[in-house]
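Okay, structure first, notes after.
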Amino acid sequence: MGINTGKGAIFDLDGTLLDSMGVWDQVDIDFLGRRGIEVPDDYMTKVSAMQFRQIAEYTIARFDLADTPEQLMAEWDEMARVAYSTVVEAKPHAIEYLRGLKASGAKLAVATSLPPTLREPAMAHVGIDGFFDEVVSVDDVGDVSKENPDVYLLAAERLGVAPTDCTVFEDLLAGIKAAKSVGMTVWAMNDDSSAGDWAEICDVADGVLFDFADAPVAL
């Protein structure tokens, strides 16, 4: 695919285009609530850095549950799928911003960690599924996390836009650093999930947003 001379915009979903980070907290509350257990104060902090299976194993051990990790992950998946297709909303002014960028001739992509089972219902539910030329996820780069630039580079490649002509919108510090490392411009979206990293995010990113009304009109 040839590189064109246009500009590319690459968007994260969770916490950037989608106001969705509360979904997983609610899944925890509802899941344990079904079993008559209140979520302990330290639970969400403990599991925040774990992989999905690790969280399942930790939860079974901590609360002495009879479920297998597979049963537990399947239940969480289903709860999340329902939430992403019914509860999640777009961040303020996101839709207007995407519409404006599309009209300007920019190429648009999604680069996300969300699997298709969650991202597709969520994008359809909030009405943003028609804006993007490409949708890629960490699944498409061998599950390499956003601490590495692979998923952003794949999005740029599929758009046919040079990395230095791409602007990334991301809420996670690791993703912001990774995209910056390959010459991309990065705007950081403020989200509760990254509150602890906000000072460093402000240092690293090219610009910060609290709302897409503040986003750059021209890339």
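Basis for what follows: all heavy atoms, side chains included, without hydrogens, waters or symmetry-related copies.
- Separating the CD1 atom in Ile37 from the CG atom in Leu32 is a distance of 5.5 Å, to the nearest 0.5 Å.
- Under the 4.5 Å side-chain criterion, counting only non-hydrogen atoms from C-beta, Pro40 is not in contact with Lys46.
- For the pair Arg158 and Asp133, the salt-bridge criterion is not met [side-chain N within less than 4.0 Å of a carboxylate O].
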side-chain contact (heavy atoms from CB on, under 4.5 Å) evaluation trace for Phe169 with Leu17 = CA-CA 8 Å; Phe169 296 85; Leu17 281 176; over 6 Å; no

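- In the hydrophobic clustering of this structure, Met123 groups with Leu118; members are Ile, Leu, Val, Met, Phe, Trp, Tyr whose side-chain heavy atoms approach within less than 4.5 Å, directly or through other members.
- Aromatic ring centres of Phe63 and Tyr43: separated by under 6.0 Å.
- Contact check for Ser137 versus Leu114: no side-chain heavy atoms found under the 4.5 Å cut-off.
- Annotation for Gly8 and Leu219: closest pair O-CD1, 4.0 Å, computed over non-hydrogen atoms.
- Side-chain contact check for Val182 versus Leu153: some heavy-atom pair is nearer than 4.5 Å.
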request  = Before giving the answer on side-chain contact (heavy atoms from CB on, under 4.5 Å), spell out for Val208 and Trp198 the whole-Å C-alpha distance, their side-chain angles and the decisive distance to 0.1 Å.
outcome  = CA-CA 10 Å; Val208 297; Trp198 186 242; 3.7 Å; yes

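- Atom CG of Asp192 has 12 or fewer neighbouring heavy atoms from other residues, nucleotides or ligands inside a 6.0 Å radius.
- By the side chain to side chain contact (heavy atoms under 4.5 Å, CB included) test, Glu70 pairs with Arg53, Thr68, sequence neighbours left out.
- Residue pairs meeting the salt bridge (Lys or Arg N to Asp or Glu O under 4.0 Å) criterion with at least one member in residues 72-84, sequence neighbours excluded, are Arg34-Glu75, Arg35-Glu75, Glu78-Arg81.
- Ala109 and Leu159 make their closest contact through CB-CD1, 3.7 Å (heavy atoms, listed as atom of the first residue, atom of the second, distance).
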Donor-acceptor pairs are to be reported for all side-chain atoms of residues 93-100 against protein atoms at under 3.5 Å, with residues two or more places apart or in another chain.
unit_1 : atom_1 : unit_2 : atom_2 : d
Tyr97  : OH     : Pro216 : O      : 2.6

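- Both Phe210 and Val204 belong to a single network of hydrophobic side chains, linked directly or stepwise wherever heavy atoms of I, L, V, M, F, W or Y lie under 4.5 Å apart.
- A donor and an acceptor atom, one from each side chain of Asp171 and Ser193, are located under 3.5 Å apart.
- When the side chains of ILVMFWY residues are joined at heavy-atom separations under 4.5 Å, either directly or via intervening members, Val141 and Leu172 end up in two distinct hydrophobic clusters.
- Ser194 has its side chain out of reach of Leu173: every pair of non-hydrogen atoms, C-beta onward, lies at least 4.5 Å apart.
- Taking all atoms of both residues into account, the shortest heavy-atom contact from Ala178 to Pro149 is O-CB, 3.5 Å.
- Two residues are said to be in side-chain contact when any heavy atoms from C-beta on lie closer than 4.5 Å; Val110 and Val136 fail this criterion.
- With rounding to the nearest 0.5 Å, the separation of CG in Leu101 from NZ in Lys107 is 14.0 Å.
- Nearest heavy atoms, Val23 versus Tyr84: CG1-CE1, 3.8 Å.
- Here the CZ atom belonging to Phe132 is positioned 5.5 Å from the CG atom belonging to Leu108, to the nearest 0.5 angstrom.
- Here CD1 of Ile55 is found 12.0 Å from CD1 of Ile60. Values are rounded to the nearest 0.5 Å.
- To the nearest 0.5 Å, atom CE of residue Met44 and atom CG of residue Asp25 are 4.0 Å apart.
- For the atom pair CG of Asn190 and SG of Cys202, the computed distance is 8.0 Å after rounding to the nearest 0.5 Å.
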task = Determine, step by step, whether Trp187 and Ile176 satisfy the side-chain contact (heavy atoms from CB on, under 4.5 Å) criterion, reporting the C-alpha distance in whole Å, the side-chain angles of both residues, the deciding distance to 0.1 Å, and the verdict.
result = CA-CA 8 Å; Trp187 282 75; Ile176 292 164; over 6 Å; no

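- Between Asp139 and Pro116 there is a side-chain heavy-atom pair separated by less than 4.5 Å.
- Atom CG of Asp42 is surrounded by more than 12 heavy atoms from other residues, nucleotides or ligands within 6.0 Å.
- Within the structure, the salt bridge (Lys or Arg N to Asp or Glu O under 4.0 Å) test picks out the following pairs touching residues 145-154 (sequence neighbours left out): Asp12-Lys146, Lys146-Glu170.
- When side chains are defined from C-beta on, Asp30 does not count as touching Trp76, because their heavy atoms never get closer than 4.5 Å.
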query = Checking side-chain contact (heavy atoms from CB on, under 4.5 Å) for the pair Lys91/Thr16: CA distance, chi angles, key distance, verdict?
reply = CA-CA 7 Å; Lys91 285 283 181 104; Thr16 300; over 6 Å; no

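- Scanning for side chain to side chain contact (heavy atoms under 4.5 Å, CB included) contacts around Pro92 gives Asp211, with sequence neighbours left out.
- When side chains are defined from C-beta on, Asp129 does not count as touching Phe131, because their heavy atoms never get closer than 4.5 Å.
- Across every non-hydrogen atom of Ser20 and Val88, the tightest pair is CB-CG2, 3.8 Å.
- Every pair passing salt bridge (Lys or Arg N to Asp or Glu O under 4.0 Å) that includes a residue from residues 172-186 is listed here, sequence neighbours excluded: Lys177-Glu200, Lys180-Asp206.
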